[in-house]
Structure formats: C-alpha cells, structure tokens
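Notes follow the structure.
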Amino acid sequence: MNIDHRVIALIDMDCFYVQVEQRLQPEFLGKPCGVSQYYTWKGGGLIAVNYEARDFGVKRGMRGEQAKELCPDFHIFHVQEVNGKANLNRYRDASADVFRVLNANFKLVEKASIDEAYIDLTEDVQKLKDKKLQLTINDFSTTHLAGFTTKTEDERIEILNKWLNDCQLDDEKRNYDLLLGAYLIEQIRKKIKDQTGFFCSAGIARNKILAKLCCGFNKPKKQTIFTQSDIDHIFDKTPVQKIQGLGGKAGERVVELFQVEYIGQLRKYSLDMLQTSMGEKDGCWLFNLIRGIETTPVSNRNLYKSISASKNFPGKTCLDTIDKIRTWCYNLAEDVFNRLEKDRAENKRRAKLLTVICTLATNETITRSCPINEYSIDRFANDTLRILKQYNKNSLTSNIYTPVIHHIGISAGKFLDNINTKSIADLFSKQTTKIETITSTENIINCQEEEEEEEDNNTEENILEKPTTTTLPIQGDFFRKFQKFDEQTKIQLKSENKTTTSSSSITSFFSRYTSNENILNCSPNKIDDHYITCSKCHKSILIWNMPEHEDFHYAHELQIEENKTNSIIKSSKTIKRKNTNQTLDSFINKKSKM
DNA sequence: CATTAGGGAGCG
DNA sequence: CGCTCCCTA
Ligand SMILES: Nc1ncnc2c1ncn2[C@H]1C[C@H](O)[C@@H](COP(=O)(O)OP(=O)(O)OP(=O)(O)O)O1
Ligand SMILES: [Mn+2]
Ligand SMILES: [Mn+2]
C-alpha cells in the first residue's frame with residue numbers, strides 16, 4: 001500500500017465537556033454554556049465553551065464572571081469535585097461511549113485525546129469501492145471542501161455536486177477515495193449522534209496532519225475534505241502555528257529562522273536548509289509535509305498509557321505542613337487508585353511504575369519514580385509522601401515543610417498485561433532472566449507491541465551523530481559542522497516524526513549561570529532589544545536564533561554554488577538551542593505568580 | 001491564581 | 001532506564 005494513498009479521518013467532538021453536561025441536563029440545550037473548574041475564584045476557569053456562547057466572544061480560559069459580562073445568560077456547569085479536587089471521570093466515561101461506537105465500526109482507531117480519534121479508512125474505502133455505490137449529494141449533507149468557503153447551503157450543494165460528479169466520472173485526481181471516506185464518516189457521525197447523543201466534526205484527508213487541520217475548517221456538526229490539490233493554496237494561507245506540532249517553540253523557530261508567516265512559504269527552501277535549521281528529522285518531516293506527504297501511521301492504541309491525578313496549590317493555598325501534604329497525597333492517591341482498579345478489571349493489566357511530580361516554591365519541578373507492587377491507596381500515598389519528604393529542608397520532627405509546595409501529581413504507568421497470550425509469552429522469552437524486578441524491559445516490549453515501530457532505521461546513524469561535547473552557545477555551529485567532515489554519511493531520509501527541540505543542558509546552563517552577559521556574547525552586531533540585524537540579509541533576527549540563521553546562510557551559499565555535498569549538511573546535526581529568554585521569562589513569571 | 005490531564009522525544 | 005522538556009486537549 002502506498003502511504004500517500006491512505007484515507008485518514010480525524011473526528012473531534014464539538015465543545016465536548018459542554019455536550020456531556022447538556023446530555024445530563026437537556027434543558028440547557030441551545031443555550032450559551034460553559035464548563036468551569038473551581039467556581040470559588042471568580043467563577044472558575046472555563047475549560048469548554050459551546051458555540052452559542054462563542055458568538056458572544058466567550059473563550060476557553062476566561063473566568064466564569066468574565067463570561068457572564070459578555071453574555072448575561074451564560075450558564076456555567078461545574079466540574080465535579082471529589083475530596084476537594086476536580087474529577088474528570090464524567091468526561092472520560094462519555095469519551096468511552098464515543099470510542100465504543102468507533103471501535104465497533106472500524107478496525108484502526110487511535111485515541112488521540114479525550115475527544116478525538118484518528119481513523120485509517122484505507123481498507124474500508126477499498127471494500128466500499130467494490131459495491132459501486134451511486135452516491136448523491138444527499139449522502140453528504142454536512143460535507144464541505146477545504147478549498148471552498150461557501151456562504152449558503154445552496155452554494156455548498158452546488159459546489160459539492162460539481163466535485164462529486166467530477167470524481168465519480170473521472171478520478172484523475174484520485175479524489176474518489178476521499179469521497180468514499182467522507183461517506184463513511186457521514187455515516188459514523190450519525191451513528192455517534194444516535195448512540196451517544198453527541199455531535200462531532202471531522203476532517204478527511206490523506207494524512208493525519210491534514211485531517212486534523214481541516215477538521216477545524218467547518219465546525220460544529222460538519223465535516224471537511226482536504227484534497228491533495230488543496231495543499232499549495234491552503235498552506236499559503238495557513239499560519240505556521242496551526243500545524244500540529246508547530247504550535248510552540250518549534251513553530252516559533254520556523255517563523256524566526258526562515259522569516260515566514262505561513263507554512264507554504266517554506267516551499268522555496270531546500271531539504272538541506274530545512275534540516276540545517278530544524279535538525280535532520282524535523283527538517284525532513286517539514287519538507288515532506290509541505291508537499292502533502294506525512295507518513296505517521298494511525299496507531300491502534302485505545303488504552304491510556306498513564307493514569308494520573310494532579311493539583312495546583314497556587315499562592316496562599318500552598319502546602320506548607322506535612323499534615324496538609326499527607327492529606328493531599330491521600331486524595332490524589334485515591335483518585336488514581338480508583339481509576340487503576342477499574343482499568344485492571346476492564347483491561348487485564350497492571351501499572352508497574354508510580355511517578356511523583358511536584359513543584360516547589362523554589363520553582364523547581366521534581367519528578368521521581370518508584371515501583372508499584374500492589375494497588376493500594378495507602379501505599380500510593382505513603383510512597384508519594386516519602387518522596388516528597390526528601391525535599392523538605394526543615395527538621396524531620398517539625399510539621400513545617402519548606403520550601404512550600406505548589407503542585408503535586410501522581411502518575412501510574414508502565415502497564416504490564418496480566419494475561420499470557422502466546423505472543424506476549426514469546427516476547428518475554430527473550431529476556432526472561434530478569435523479570436521480578438519491575439524492570440522495564442518487559443514494559444518496553446509492552447509499548448512496542450501496541451505501537452507501530454515498523455521500520456526503525458535512523459537509530460544507528462543517530463547514535464553516531466550524537467554530539468558528545470557540550471558546546472557553548474556561542475557561534476558554535478560553524479565550528480561543529482567542520483568537525484563533522486569525516487563522518488560517514490548517507491542517512492536515509494525516512495524520519496517522519498516531527499517534534500521537539502530541546503536542550504536541557506543549555507537551558508540549565510542559562511538558568512543557573514547567566515545573566516545577560518552570556519547571551520549578549522552571541523551577537524555579532526547591534527543589540528536592539530532582543531533583535532540584531534544580520535549582516536548578510538539585513539533582517540532582524542532574535543539573538544538566540546542567530547547561530548542557526550548563520551547556518552541558514554551557509555546552507556544557502558552552498559546551495560547556490562549548486563554543488564551537492566549533501567552529505568555534509570545533512571549529517572550535521574544542529575545542536576538545538578533554546579529560546580533562553582522565554583525560559584527565563586516563564587521562570588520568573590511563574591515564580592512571581594505562585 | 002488557568003487547571004488537569006495526557007503523549008512523546010532526547011539526554012546522559 | 002529515569003528524568004527533563006515539549007506539545008496538545
Ligand atoms: N486547556 C485545557 N485544560 C483543560 N481541559 C481542556 C483544555 N482544553 C480542552 N480541554 C477539554 C475540554 C474540551 O471540551 C475537551 C476537548 O477539547 P477541544 O476539542 O480542544 O475543544 P472542544 O471540544 O471543547 O471544542 P471544539 O468544538 O472546538 O472541539 O477537552
Ligand atoms: Mn473538541
Ligand atoms: Mn479535541
């Protein structure tokens with residue numbers, strides 16, 4: 001099967017938590033509503049807002065009170081509280097209702113979040129083809145085309161009808177597959193509505209990124225088809241940050257380093273240039289993406305990989321005594337315990353690792369793990385407490401805890417199946433020698449078993465290229481590049497996962513030691529706030545992006561000389577620098593706020 | 001004083 | 001592996 005010939009759908013529930021609440025209290029259907037947590041503080045923070053309320057400008061993240069100002073009839077549902085803590089089980093259960101419908105109707109369904117699923121429809125579409133259905137506009141009553149924005153229903157029908165006839169008569173553009181996919185999704189959305197009461201929207205495309213993107217084009221209660229011929233003209237107007245995976249720092253890097261606003265503007269850059277700036281893997285992923293190619297498979301995972309409970313204790317609500325901390329350890333442990341027991345009964349598996357996360361007044365976040373030998377509230381709570389006590393600077397006899405705690409989280413993961421199916425037994429046999437010790441080998445197997453992991457090239461090369469030196473963040477990239485000349489080259493461009501740019505070493509370097517002098521050293525030219533002017537192109541560049549920007553010119557020059565020497569650039573893995581300013585900012589902001 | 005989740009990659 | 005950082009709902 002050609003990876004470009006897949007049919008992928010992304011289904012996303014409309015204002016999901018609100019619909020869950022409205023299903024319980026139908027008298028609020030049609031009225032502007034939202035869901036908030038912790039209503040004591042200014043009406044609580046809204047985590048979901050329905051479309052009626054959005055018309056008034058109410059948005060997620062607003063306070064309940066603020067929403068009331070914009071929309072006096074706004075109704076606020078409150079997340080259930082148990083032991084003084086938000087409990088999201090109602091939404092998890094509603095999510096399970098939806099996924100039961102999906103899993104009953106499709107083979108390959110990936111739970112991407114509490115309210116969305118990717119479905120690989122490729123096979124279903126092929127089967128449907130044999131039936132030679134005569135489809136009409138009535139089979140597509142909520143379908144839109146990503147390439148056309150229609151103002152009226154008549155217009156939608158006119159345009160869709162034309163397209164429908166086109167691809168049924170002559171499938172030169174291979175759009176018929178997408179049409180059948182859209183047909184299947186119209187059906188399943190109707191089933192979801194009938195069997196759960198919930199409305200949803202969907203995107204249908206040839207890969208996950210496009211399906212996700214276009215799902216948002218027409219909401220609520222609608223679905224959108226994104227054809228391959230839409231790629232160029234839509235990407236030319238799609239802000240970089242709208243692409244999943246580029247909503248954060250990676251997207252900022254793209255915008256800064258290439259001086260672009262829309263993802264389509266990257267088309268003029270060579271693979272080498274993208275890789276030089278973004279790294280081999282991400283550069284390759286971007287290069288393909290903007291040509292409509294993205295090969296991340298829909299995985300078959302239906303179950304959670306971790307079950308966690310956490311709570312913030314901002315400002316004066318901080319935990320400053322052992323007694324308070326113990327109480328919250330128990331509250332969180334109980335929530336996790338209840339969900340783990342349910343999970344064990346339903347899924348015949350047990351979590352083997354407990355991870356405790358806390359944020360202290362010093363603004364450090366600490367993460368520590370310990371094995372789970374038995375599901376028990378006491379044990380979860382006491383393990384958590386024991387770990388937290390290790391960071392108490394006060395005397396062990398005192399009830400006072402310093403520094404105060406602003407966040408605690410407990411997470412259970414590393415699930416191990418109880419039942420020895422043949423395949424699992426086989427997998428175990430390989431490293432049976434050390435089972436007892438919760439060690440992770442088994443867990444890895446477990447993970448890999450449910451995940452794709454089909455072809456796993458790159459590892460060898462990556463290891464070879466791992467930069468072993470801690471480079472100072474000072475115009476280092478040129479230097480490093482030449483150091484790498486001798487490296488054997490090749491490197492199959494197969495990598496397709498985007499994500500992450502991180503560099504903990506550099507971050508901590510800055511957080512710990514610097515003040516501006518170190519940062520200023522990076523900049524050859526003039527400092528104008530955080531920007532400097534590049535001597536080559538005279539554009540304003542954020543100073544911490546300057547080294548990559550220089551790489552960019554370097555790559556550009558090489559390219560202009562039309563020589564290949566691909567290997568050199570390809571094999572140079574950029575050490576990713578961090579947006580130091582932002583790191584420090586958030587450090588300071590958090591500190592001052594908490 | 002946005003909160004409470006959850007998934008994943010890279011580093012040592 | 002454990003842990004940190006990143007990205008998303
Ligand atoms: N930042 C958040 N914090 C806590 N819960 C969130 C957050 N974002 C989303 N959720 C929850 C509430 C949402 O109803 C649910 C699904 O999110 P999402 O699909 O992004 O929006 P939505 O379903 O409310 O509206 P939409 O119709 O736009 O999809 O997840
Ligand atoms: Mn949604
Ligand atoms: Mn969603």
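Worth knowing before you read on, the calculation uses all heavy atoms, side chains too, and leaves out hydrogens, waters and symmetry mates. Within every chain, numbering begins at 1; the chains are lettered A, B, ... in the order of the sequence lines, protein sequences first and strands thereafter.
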Are A:Tyr330 and A:Phe380 near enough that their ring centres are under 6.0 Å apart?
no

Considering only NZ, NE, NH1 and NH2 on the basic side and carboxylate oxygens on the acidic side, decide whether A:Lys219 and A:Asp12 come within less than 4.0 Å.
yes

Listed nucleotide nearest any side-chain atom of A:Arg92, set B:dA5, C:dG2, C:dT4:
B:dA5

When the ring planes of A:Phe226 and A:Phe217 are compared, do they come out parallel, tilted or perpendicular, using 30° and 60° as the limits?
tilted

Out of C:dA9, C:dT4, B:dG7, which nucleotide sits closest to the side chain of A:Thr367?
C:dT4

Closest to the A:Lys305 side chain, choosing from B:dG7, C:dC3, B:dT4:
B:dG7

Classify the nucleic acid contact of A:Ala309 as base, sugar-phosphate or nothing, counting any heavy atom under 4.0 Å across all strands shown.
sugar-phosphate

Round to a whole Å and report the spacing from CG of A:Asp343 to P of B:dG6.
11 Å

Pair of N/O donor and acceptor under 3.5 Å linking B:dT3 base with A:Gln37 side chain:
yes

Go through C:dC3, C:dA9, B:dA5 for me and flag the one nearest to the A:Arg339 side chain.
B:dA5

Whether A:Lys342 and A:Glu346 form a salt bridge (side-chain N of Lys/Arg under 4.0 Å from carboxylate O of Asp/Glu) is what I want to check.
yes

Of the listed nucleotides (B:dT4, B:dG6, C:dA9), which one gets closest to any side-chain atom of A:Ser306?
B:dG6

